[in-house]
Amino acid sequence: RSPLSSSSAASDVYKRQVKENHSIGLSWLINAAELALPQAIKRVEYFRINEPLLYQEALALSKEVTNEVLAASGAII
């Protein structure tokens, strides 16, 4: 068996990582939109309408990261 061949488990891990990376990337874009960056606002709106599940995952990640940063800084959440 070739070391480059992938098992079903490895394929599943890869798919989760790719999906997670899209969610993480969009969560950063959401944060940029919240800072009123026009291009980010347009892209976030696109994903909100056309990729609602991805948008919801990214929104949850964005809120989680924001809360962690606020907690680490000692801000009251």
Side-chain angles (χ1 to χ4, degrees):
R1 181 153 133 139
S2 166
L4 295 178
S5 67
S6 64
S7 68
S8 178
S11 177
D12 290 344
V13 168
Y14 174 76
K15 288 175 186 174
R16 280 194 306 272
Q17 288 174 338
V18 168
K19 185 176 181 180
E20 182 177 312
N21 288 339
H22 286 296
S23 297
I24 292 169
L26 184 52
S27 73
W28 280 97
L29 199 59
I30 289 169
N31 287 337
E34 289 176 358
L35 295 173
L37 299 174
Q39 290 177 331
I41 293 169
K42 289 178 185 177
R43 291 300 294 158
V44 166
E45 185 64 14
Y46 169 85
F47 283 104
R48 188 184 67 75
I49 293 168
N50 296 296
E51 298 282 346
L53 294 177
L54 176 61
Y55 174 80
Q56 289 301 319
E57 289 175 8
L59 184 60
L61 280 173
S62 175
K63 289 178 181 178
E64 182 180 330
V65 169
T66 299
N67 288 341
E68 287 178 15
V69 168
L70 291 173
S73 70
I76 299 173
I77 301 174

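Computation of the quantities below employed the complete heavy-atom set of this structure, encompassing side-chain atoms and omitting hydrogens, waters and symmetry-equivalent molecules.
Residues Ile41 and Leu37 do not share a hydrophobic cluster, defined by chaining ILVMFWY side chains whose heavy atoms lie under 4.5 Å apart. Cluster membership check: Leu29 shares its hydrophobic cluster with Leu59, using side-chain heavy-atom separations under 4.5 Å among Ile, Leu, Val, Met, Phe, Trp and Tyr.
When the salt bridge (charged side-chain N to carboxylate O under 4.0 Å, His left out) test is applied to Glu51, no partner is found at least two apart in sequence or on another chain.
Rounding to the nearest 0.5 angstrom, the gap separating the CG atom in Leu26 from the CZ atom in Arg48 is 12.0 Å. Residue Phe47 holds its CZ atom at 4.5 Å from CZ of Arg43, rounded to the nearest 0.5 Å. Atoms CD and CG, on Glu57 and Leu61 in that order, are 7.5 Å from each other to the nearest 0.5 Å.
A distance-only check finds no donor-acceptor pair linking the side chain of Ser62 to the backbone of Ala58 [under 3.5 Å].
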**OP:** Might you work through the side-chain contact (heavy atoms from CB on, under 4.5 Å) test for Val44 and Tyr55, ending with a clear yes or no?
**Re:** CA-CA 8 Å; Val44 166; Tyr55 174 80; 3.6 Å; yes

